[in-house]
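Once you've had a glance at the structure underneath, I'll fire off some questions.
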There are 2 protein chains.
Amino acid sequence: MAHHPAHHAPSVELPAEPTQARRFGKTRTALSAVVLEDYAELIADLLAANGEARPTDIARRLGVSHATAIKTIARLKRAGLATARPYRGVFLTEKGHDLADRVRVRHRLVVDVLRALGVPSEAAEADAEGIEHYVSESTLKAFAQFLKSRG
Amino acid sequence: MAHHPAHHAPSVELPAEPTQARRFGKTRTALSAVVLEDYAELIADLLAANGEARPTDIARRLGVSHATAIKTIARLKRAGLATARPYRGVFLTEKGHDLADRVRVRHRLVVDVLRALGVPSEAAEADAEGIEHYVSESTLKAFAQFLKSRG
DNA sequence: ATTACAATGTAGCCTTGGCTACACTTGTGA
DNA sequence: TCACAAGTGTAGCCAAGGCTACATTGTAAT
Ligand SMILES: [Mn+2]
Ligand SMILES: [Mn+2]
Ligand SMILES: [Mn+2]
Ligand SMILES: [Mn+2]
C-alpha cells in the first residue's frame, strides 16, 4: 500500500495537513462546549427572570427531558460552572456567570450582525444559537467594529 | 412544589418556551450533522486533489485516529453518503457529492463574509469551519446579497 | 517469492447527550 | 394532617465520536 500512486499531479488546492487538523480540532473542542455554554446562558436568563432556575424549566426551554437536563447539570457542577443541591434549584458559580456573560455577548453580537446583513429575525435568532459557539475573539472584534462603523 | 413562587414579576424577557425549544432543537440537529458534513466535504476535496480518499489521509487531515475515521466512514455508508470496500478507499454517492457541494458553498460564503467584515484570514477559515454548519438558507441568501451589493 | 511496512480493520473502552421507566421529595390545598 | 401532583432524582438503555492496542491485508522492493 505504502505510497500514493502518482496517478496525476494534485490539481486541487488543500490546506496543509497540520493547519487543517488544527482547525478541525478547534471545531471539535467548541462542539463539546456548545451544550455547557447554552446551559450557562439559559440558567443565567432564568435566574434573572424568575429568581430561580429549576431543572424542569431548563428542560422545557431546551426541549429535552428533565432527566437529560439533570445529567447535564451534574456535568456543569463537575466543570465548576454551577452549584445545585437536591430539590433546591441550580445556581451559577462565578465562573459560570462569567461564561454566561461571554456567551450572551456573542449571542447578541451575532444576532445583530445577521440582522444588519438582512437576515430575517427568526432565522437570525435560530442561526445565532449555533453560530455563537464558534465566534473567535478576532471575529467578535470585527463584528463589533462593523456594527459601530455602520450605525 | 407545584407552582413558581411569585416572588417578583419577571423583570427579564425570555423567548416563549416552544420557540426557544425549537431553536435549540435545530442546533442539536445541526450538531449531529457537523461530522458528516465535514467528512463529505473533505472526501470530495481529497478525491478532487488526489483521485482517491484513503482513511489514513482523512484521519490525518481531521487530526483524528484512523480507527475513528474508519468508524465514521461506516456511518457515512449507513447514511447513504459514501461507499467503500475494504482496502479500496472511500467514494461519495450522489447524495454524498450533493452534500459536499452544499457544504463547500456555505464554507466559501462564510469565509468571504467574514473576510469582508475584516476578520483576518486564518481566523476566518477556522471560525468558518464551525459556523458553516449553522447557516440557514435565509442567512446564505443574505450573505450572498451582501457580498454582491458591496463588490 | 519473500519480506517488511504502511494502511486498514477490529475490539474494547470512555464520555457525552439523548431517551423511558420508575422511585422519592416537597409543598399545597382540602 | 395528609393526599396528591409536580418536581426531582436514579437506573438502564442507545448512538456517536473519541481513544489505544492488536490483528490482518496489500504492495513495493529486494
Ligand atoms: Mn447556542
Ligand atoms: Mn445563545
Ligand atoms: Mn466544518
Ligand atoms: Mn468546511
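Only heavy atoms go into these numbers, but all of them, side chains included; no hydrogens, no water, no symmetry mates. Please read these numbers as outputs of a predicted model, since none were measured by experiment. Below, read A as the first sequence line, B as the second, and so on, with proteins coming before strands; counting in each chain starts at 1.
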Using modelled atom types only, decide if a donor and an acceptor are shared between the side chain of B:Lys95 and the backbone of B:Ala79 within a distance under 3.5 Å. yes

For atom CZ of A:Phe24 and atom P of D:dG17, their distance in whole Å: 14 Å

With nearest nucleotide decided by heavy atoms, which residue, B:Ala53 or B:Lys71, maps closer to the 5′ end of DNA chain C? B:Ala53

Residue-phosphate contact under 4.0 Å: B:Arg88 side-chain N/O, D:dT27 OP1/OP2: yes

Backbone N or O of B:Ser136 within a donor-acceptor pair of the A:Asp127 side chain at under 3.5 Å? yes

Taking only side-chain nitrogens and oxygens of B:Arg75, does any of them come within less than 4.0 Å of OP1 or OP2 of D:dG17? yes

Would you indicate which nucleotide in D:dG18, C:dT20, D:dA16 comes nearest to any side-chain atom of B:Thr68? D:dG18

Stepwise side chain to side chain contact (heavy atoms under 4.5 Å, CB included) check, A:Val64 with B:Arg28: CA-CA 11 Å; A:Val64 301; B:Arg28 273 194 306 276; 3.6 Å; yes

Would you mind classifying the nucleic acid contact of B:Thr56 as base, sugar-phosphate or nothing, using non-hydrogen atoms under 4.0 angstrom? sugar-phosphate

Could you give the CG-to-C1' distance, from B:Leu36 to D:dA16, as a whole number of Å? 10 Å

Rounded distance (Å) that lies between atom C1' of C:dG9 and atom CZ of B:Arg54: 15 Å

Measure from the side chain of A:Pro55, starting at C-beta and using heavy atoms only, and say which of D:dT8, D:dG18, C:dA21 lies closest. D:dT8

Rounded distance in Å - CD1 (B:Ile70) to C1' (C:dG12): 16 Å

Main-chain N/O of B:Val119 paired with B:Arg115 side-chain donor or acceptor, under 3.5 Å: yes

Taken to the nearest whole Å, CG/B:Asp38 to C1'/D:dA16 is 15 Å

Take atom CZ of A:Arg78 and atom P of C:dG17, then tell me their distance rounded to the nearest Å. 9 Å

Please report the distance, rounded to the nearest Å, between CG in B:Leu31 and C1' in C:dT15. 15 Å

Under 4.0 Å: is that the gap between some side-chain N or O of B:Arg85 and OP1 or OP2 of C:dG9? no

Between A:Ile73 and B:Pro86, the residue closer to the 5' end of DNA chain D by nearest nucleotide is A:Ile73

Quick one: does B:His66 reach the base of C:dG9 with a side-chain donor-acceptor pair under 3.5 Å? yes

Got a donor-acceptor contact below 3.5 angstrom from the A:Arg61 side chain to the B:Pro15 backbone? yes

Can you find a donor-acceptor N/O pair under 3.5 angstrom joining the side chain of B:Tyr87 to the base of D:dT27? no

Could you give the NE2-to-P distance, from A:His133 to C:dG17, as a whole number of Å? 12 Å

